Colleague: 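One structure, as structure tokens, below. Some questions next.
What you see is a predicted model, and the numbers here were worked out from it, not measured in a lab.
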Amino acid sequence: MSIDTQAATNRLIRFLAVEGVTGREAAIGRELAAALQKSGVPADAIRLDDANTRIPVPTETGNLIVDLPGRGAMHNQPRIMFMTHMDTVPLCAGAKPKLTGRKIVNEAKTALGGDNRCGCGVLVTLAAELTKQKLDHPPITLLFCVREESGLWGARHVKTHDLGSPVMAFNYDGGSASNVTIGAVGADRWQVEIFGRASHAGVAPERGISSTMILALALADVKAGGWFGKVVKGKRQGTSNVGPVTGGDGRPAGDATNVVTDYVHVRGESRSHDAKFFREITKAYKAAFEKAAKRVKNSDGKSGRVKFKAETDYYPFRMKESLPVVKRAVAAVSAIGKTPTIRAASGGLDANWMVRHGVPTVTFGAGQNEPHTIDEWINLDEYDRACMLAVQLATMR
């Protein structure tokens, strides 16, 4: 399967240079639409949905959706979908892509944004090659999601009827093009507010109730119980982490060293391939915070209190290898001369929500390396293979 690799690389470099951190994807959306039209996709086949009106955090624009009608002998076959996300992590702001041999690196001290401008390049290249080579293919939907990096929000809130009822989907997001990812973890996001009592730490510390101490005792209890970091309980496994610790709204936890801290806000996560187990991890955190609050009392015998909230961020899934989408993925990887590696991911993917929506979805990589770091780089040989794989997936009978 041949493609114009130079044009594919040029598109990718152009997309990498457009800033579009999570929640602020309007500019990259416009660039993608322009590139699609340049490749021969009619303007009326390109649209934005209204997912951003349902996402509970500020989001500039909706998901970008493209309809490609079927062509030739395959024009009336069931619709398939290719998807990726168009946002990057905030660390990518100000990236300056540079071509060095068969790599793209970054001249700025930021992350590069290969996660997931590589996926964007693959999907636009697919549209361009189908048109340029006049290849037979079934009806295809291209979906570019918003806010993947901050909670899979675009995929979560897309309306499936806007996608044309695809029978299967192929997602591009990280790693090697020969990785056939058929499962991923699920996760809870939790937060806890810790309420203490302020007091002068030098004059009457005994009258205060330290929310900082409640936090410390709770985390010590979680650690001692084996619920922090990598969590292994018999045959069950998962992970957990404590993220931002603040005074709320980005303020520091505590106002001064001479004031007993009366409020702390904490956010964290629990993950596992077993939905029951990540909820059990979350419950362990809740119990630890509640126990710690009761332990910290002032001279009047009053104790602190906590308000713990948790919600499932995305659900785990593992598709059967006998499903048509997996068989097609394995056959396509083999057809481009690579050995397929069937695997499950330890992080969440837009595929988590697409499977939840009823669209079986396999995920491939597209040459991204060391994402979310200032050492990020792109392997162009792998990116080219990802582009060829997309064309193979779209045209195989």
Colleague: Between Asp274 (side chain) and Lys276 (backbone), is there a donor-acceptor pair under 3.5 Å?
Modeller: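 It does hold such a pair.
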Colleague: Let me check something: do Met81 and Val355 share a hydrophobic cluster, defined by ILVMFWY side-chain heavy atoms less than 4.5 Å apart, either directly or through other members?
Modeller: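 Unlinked, Met81 and Val355 end up in two clusters.
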Colleague: Do the side chain of Asp262 and the main chain of Arg197 share a donor and acceptor less than 3.5 angstrom apart?
Modeller: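 Not confirmed, Asp262 side chain does not pair with Arg197 backbone.
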Colleague: Does Asn106 use its side chain to pair, donor to acceptor, with the backbone of Lys96 at less than 3.5 Å?
Modeller: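 Side chain of Asn106 to backbone of Lys96, a donor-acceptor pair under 3.5 Å: yes, one is there.
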Colleague: Ignoring hydrogens, what is the shortest heavy-atom contact between Ala93 and Thr110? Give both atom names and the distance.
Modeller: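 Shortest heavy-atom separation between Ala93 and Thr110 comes out as O-CG2, 3.2 Å.
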Colleague: Using a cut-off of 6.0 Å, state whether more than 12 heavy atoms not belonging to Met168 lie near its atom CE.
Modeller: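 Atom CE in Met168 is crowded, with more than 12 foreign heavy atoms closer than 6.0 Å.
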Colleague: Under a 3.5 Å threshold, yes or no: a donor from one side chain and an acceptor from the other, between Thr5 and Asp384?
Modeller: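 On atom types as modelled, these side chains do not qualify, holding no pair under 3.5 Å.
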Colleague: Under 3.5 Å, side chain of Asn352 to main-chain N/O of Leu349, donor-acceptor pair present?
Modeller: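 Looks like yes, one N/O pair under 3.5 Å.
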Colleague: Please say which of Val362, Ile182, Thr181 ends up in a side-chain contact (heavy atoms from CB on, under 4.5 Å) with Ile342.
Modeller: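 Only one option passes, and that is Ile182.
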Colleague: Kindly indicate, with the supporting measurements, whether the criterion side-chain hydrogen bond (donor to acceptor under 3.5 Å, both in side chains) is fulfilled by Ser272 and Gln237.
Modeller: CA-CA 6 Å; Ser272 177; Gln237 294 190 26; over 6 Å; no
Colleague: Of Arg117, Lys38, Arg14, which is the lone residue that meets salt bridge (Lys or Arg N to Asp or Glu O under 4.0 Å) with Glu31?
Modeller: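 The salt bridge (Lys or Arg N to Asp or Glu O under 4.0 Å) with Glu31 is passed solely by Arg14 among Arg117, Lys38, Arg14.
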Colleague: Below 4.5 Å, heavy atoms only, C-beta onward: do Leu36 and Leu142 meet side chain to side chain?
Modeller: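 In contact.
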Colleague: Report yes or no: does Arg328 contribute a side-chain atom to a donor-acceptor pair with the main-chain N or O of Leu393 at less than 3.5 Å?
Modeller: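 Confirmed, Arg328 side chain pairs with Leu393 backbone.
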Colleague: Indicate, with yes or no, if the rings of Tyr314 and Trp353 have centres closer together than 6.0 Å.
Modeller: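 Ring-ring flag for Tyr314/Trp353: false, centres at least 6.0 Å apart.
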Colleague: Please determine if Glu193 and Lys309 form a salt bridge, counting it only when a charged side-chain N lies under 4.0 Å from a carboxylate O.
Modeller: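 Salt bridge between Glu193 and Lys309, a charged N being under 4.0 Å from a carboxylate O: no.
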Colleague: Output yes when a side-chain donor or acceptor of Thr261 lies under 3.5 Å from a complementary backbone atom of Thr212, and no otherwise.
Modeller: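 No; zero donor-acceptor contacts below 3.5 Å.
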Colleague: Quick one: are Glu382 and Asn369 in side-chain contact, heavy atoms under 4.5 Å?
Modeller: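 Not in contact.
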Colleague: With the side chain counted from C-beta on, respond yes when Leu16 and Ile104 share a heavy-atom pair under 4.5 Å apart, and no when they do not.
Modeller: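 The answer is yes, as the side chains (C-beta and beyond) meet within the 4.5 Å cut-off.
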Colleague: Would you call Val89 and Thr22 a side-chain contact if the rule is heavy atoms closer than 4.5 Å?
Modeller: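 Answer no - side chains too far apart.
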Colleague: Could you check Asp249 against His265 for side-chain hydrogen bond (donor to acceptor under 3.5 Å, both in side chains), going step by step and ending with a plain yes or no?
Modeller: CA-CA 9 Å; Asp249 298 325; His265 183 272; over 6 Å; no
Colleague: Could you tell me whether the side chain of Glu376 and the main chain of Gly113 form a donor-acceptor pair under 3.5 Å?
Modeller: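 A pair under 3.5 Å: yes.
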Colleague: Relative to each other, are the rings of Phe82 and Phe170 parallel, tilted or perpendicular (30° and 60° limits)?
Modeller: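 If you compare the ring of Phe82 with that of Phe170, the planes turn out tilted.
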Colleague: Would you say that Thr88 contacts Asn116 through its side chain, given a criterion of any heavy-atom pair below 4.5 Å between the two side chains?
Modeller: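 The answer is no, as the side chains (C-beta and beyond) never meet within the 4.5 Å cut-off.
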Colleague: Give a yes or no on this: more than 12 heavy atoms of other residues, nucleotides or ligands lie within 6.0 Å of atom CZ of Arg318.
Modeller: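 More than 12 within 6.0 Å, yes.
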Colleague: Determine whether Val180 and Val333 make a side-chain contact, defined as any pair of heavy atoms from C-beta on separated by less than 4.5 Å.
Modeller: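 They are in contact (side-chain heavy atoms under 4.5 Å apart), so the answer is yes.
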Colleague: Does the ring centre of Tyr285 sit less than 6.0 Å away from the ring centre of Trp227?
Modeller: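 No, too far apart.
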Colleague: Under the side-chain hydrogen bond (donor to acceptor under 3.5 Å, both in side chains) rule, what do Thr282 and Arg279 come out as? Steps first, then yes or no, please.
Modeller: CA-CA 5 Å; Thr282 300; Arg279 293 189 183 110; over 6 Å; no
Colleague: I'd like to know if the side chain of Thr373 and the backbone of Asp375 have a donor-acceptor N/O pair within less than 3.5 Å.
Modeller: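 Flag set: sc Thr373 to bb Asp375 pair under 3.5 Å.
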Colleague: I want to check a possible cation-pi pair here: Arg271 against Phe278, using under 6.0 Å from ring centre and within 45° of the ring axis as the test.
Modeller: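 No, cation not above the ring by the 6.0 Å, 45° rule.
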Colleague: Can you confirm whether Ile214 sits close enough to Phe195 that some side-chain heavy atom of one is under 4.5 Å from a side-chain heavy atom of the other?
Modeller: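 The answer is no, as the side chains (C-beta and beyond) never meet within the 4.5 Å cut-off.
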Colleague: May I ask you to check whether over 12 heavy atoms, not counting those of Arg54, lie within 6.0 Å of atom CZ?
Modeller: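 Atom CZ in Arg54 is packed in, count exceeds 12.
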Colleague: Can you find a side-chain donor-acceptor pair between His372 and Glu149 that sits under 3.5 Å?
Modeller: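 Note: His372 and Glu149 side chains meet the donor-acceptor criterion.
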Colleague: Can a donor-acceptor pair be found, under 3.5 Å and without considering hydrogens, that links the side chain of His75 to the backbone of Gly72?
Modeller: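 Checking the backbone N and O of Gly72 against the side chain of His75, a donor-acceptor pair under 3.5 Å is found.
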Colleague: Which one of Asn52, Asp49, Asp50 satisfies the side chain to side chain donor-acceptor pair (under 3.5 Å) criterion with Asn63?
Modeller: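 Answer to the side chain to side chain donor-acceptor pair (under 3.5 Å) test with Asn63 among Asn52, Asp49, Asp50: Asp49.
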Colleague: So do Met83 and Cys145 actually touch side chain to side chain, heavy atoms under 4.5 Å?
Modeller: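 They are in side-chain contact.
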